[in-house]
There are 2 protein chains.
Amino acid sequence: MTKKSHDTVRLSMQERIETGEWALGALIPGEVELAAEYGCARTTINRALQALANNGMLIRKRKGGTRVCEMPVRQAKFAIPIVREQVEATGNKYSHKVLSSILKAPPAPVISRLNLHPKDKAFYLETVHLADNRPFAYEERWVNLKAVPTILTAPLSEISANEWLVKSVPFSSGDVVFSAINADQKIANSIEATLGTAIFVVERTTWYKKEFITTLKLFYKEGFQLYTRL
Amino acid sequence: MTKKSHDTVRLSMQERIETGEWALGALIPGEVELAAEYGCARTTINRALQALANNGMLIRKRKGGTRVCEMPVRQAKFAIPIVREQVEATGNKYSHKVLSSILKAPPAPVISRLNLHPKDKAFYLETVHLADNRPFAYEERWVNLKAVPTILTAPLSEISANEWLVKSVPFSSGDVVFSAINADQKIANSIEATLGTAIFVVERTTWYKKEFITTLKLFYKEGFQLYTRL
DNA sequence: AAATATATTATGTGCATACATAATAGCAAT
DNA sequence: ATTGCTATTATGTATGCACATAATATATTT
């Protein structure tokens, strides 16, 4: 009992929420009261309550007190998919092959997504990711050279553009869109799928401090599943 | 300077990581040293560092000190999709229609997923979610009656099973799988799609304290996209 | 009654202090 | 060299205290 009291308190409170002792939307006792009940300092209670509030289980207001969140929004966290790890997680050997890499003017949607001027060129890469030498995913990527000019000299046949960028611009932010499309001829060829097969698609755009780095589409081989836990 | 110092400190440190002043994998100064540098108490530094560690940017070890995470895993958070909110977010009016609801013995995969005995029956629901009276998603759901017997008396034509369950078993946990399939005849009919169209699928299983509540598959109308931010 | 000022209250934050704990480094004994 | 003890060190946790801040309730004024 002499250890990790804030943890114990937090878990206890979480249970009180989950069991409904503290009902949805209900006002729970104040910090001082809880401190007395649990026999610890208000600081400790505060820490536990803030953690639960971060978690979305509680909503806290000055003076108004703390209440259980009315519309509980469970949020899932998942790691941004790095293809090599996805492959290795299945126990297969990862490799990749660069199909093409050229400098050219991107189409309009990419220009706007990377915030480029209409005449700017960008670096375009087509890559196939392989699991035990069989196609796993096909990637189309645009890189903003103004942000990462050094990628032109990167050894992209050894290290994938994805990983090279992660190491060069480590803590960028971005957005991700998941969707499903029917394979067109190009995709079908790249991952050895039948024309029209349902393909899981991930589009990702990343930037670093308002400067856009890269945007890409990943087309996964049929049967691919993305797993997450809440 | 008299306000939210832990916040300021945290943001400052985050910047030092992002700009590479504290490089990937590098050991950063100890708490006392940082406290001296920032001119605040060690407690405040500790709070900021712990927040960044929670975020996955730092890795902390007793004695070993704190270092920048070598393999930065950006993690996305997203709210577990509640169909009604997805529809309303697009500015459309939500409604739903229950196609069928019966008590019957589930197929083997569902039995194992819901941890049922082979002869147990479960509650099976087919629902279509509508946006402005046009199909938006088709849902197949199994509910474990041992866990939530009262669902049999719930007014499921007014409130969707999803929302009813969220309110009854508010803080359950679960897992989610995303994938893509080609529409079969049943799905195609339900959401007015063409046979073979690529369909975005979400499978979700939720439980509460080791007891399984429900498992469901959601088939979204073609063109659906799930958006997330890192 | 409506508008304004004031007191009250619950949470938010920062600090100094004390002790706990895990992991390492260094030393000693075999 | 290997093993095992011990000291050191950086982080982890808990507490008491003081003051800040936001939101509400109450009293006061017009």
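What you see below is based on every heavy atom in this structure, not just the backbone, and it leaves out hydrogens, waters and symmetry mates. The structure presented is a predicted model; accordingly, all values stated were derived computationally and were not measured. Chain naming here is simple, since letters A, B, ... match the order of the sequence lines and numbering starts at 1 in each.
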Length of the line joining Leu27(A):CG and dA23(D):P, which is rounded to integer Å
16 Å
Give a yes or no on whether a salt bridge exists between Arg141(B) and Glu139(B), defined as a side-chain N under 4.0 angstrom from a carboxylate O.
yes
Between Asn162(B) and Ser160(B), is the side chain to side chain donor-acceptor pair (under 3.5 Å) condition met? List the steps.
CA-CA 5 Å; Asn162(B) 192 340; Ser160(B) 78; 5.4 Å; no
For His6(B) and dG12(C), what is the distance between atoms NE2 and C1' respectively, to the nearest whole Å?
9 Å
Distance check needed: dG12(D) C1' versus Gln50(B) CD, whole Å only.
7 Å
Is a donor on one side and an acceptor on the other found under 3.5 Å between the side chain of Ser12(A) and the backbone of Thr8(A)?
no
So, OP1 or OP2 of dT13(D): does either fall under 4.0 Å of a side-chain N or O from Asn46(B)?
no
Would you find a donor on one side and an acceptor on the other, under 3.5 Å apart, between the side chain of Asn144(A) and the backbone of Lys146(A)?
yes
Between dC15(C) atom P and Tyr38(B) atom OH, what is the distance in whole Å?
14 Å
Indicate whether the side chain of Ser173(B) and that of Trp207(B) have a donor and an acceptor atom separated by less than 3.5 Å.
yes
Please evaluate residues Gln225(B) and Tyr227(B) with respect to the criterion side chain to side chain donor-acceptor pair (under 3.5 Å), reporting the C-alpha separation (whole Å), side-chain torsions for both, the decisive distance (0.1 Å), and the verdict.
CA-CA 6 Å; Gln225(B) 297 191 323; Tyr227(B) 176 88; over 6 Å; no
List every contact pair, protein side and nucleotides 4-10 of chain D side both N or O, where the distance is under 3.5 Å.
unit_1 : atom_1 : unit_2   : atom_2 : d
dT9(D) : O4'    : Lys63(B) : NZ     : 3.3

Between atom CG in Leu58(A) and atom C1' in dT11(C), what is the gap in whole Å?
13 Å
Backbone of Asn92(A) reached by a side-chain donor or acceptor of Asp132(A) within 3.5 Å:
no
Please report, rounded to the nearest Å, how far the C1' atom of dC19(D) is from the CZ atom of Arg42(A).
11 Å
Using atom CD1 of Ile59(B) as one end and atom P of dA23(C) as the other, report the distance to the nearest whole Å.
14 Å
Assert: residue with more 5' nearest nucleotide on DNA chain D, out of Leu49(B) and Thr44(A), is Leu49(B)
Per the atom types in the model, does the base of dG12(D) pair as donor or acceptor with the side chain of Arg47(B) at under 3.5 Å?
no
How would you label the contact of Thr43(A) with the nucleic acid (heavy atoms, under 4.0 Å): base, sugar-phosphate, or nothing?
base
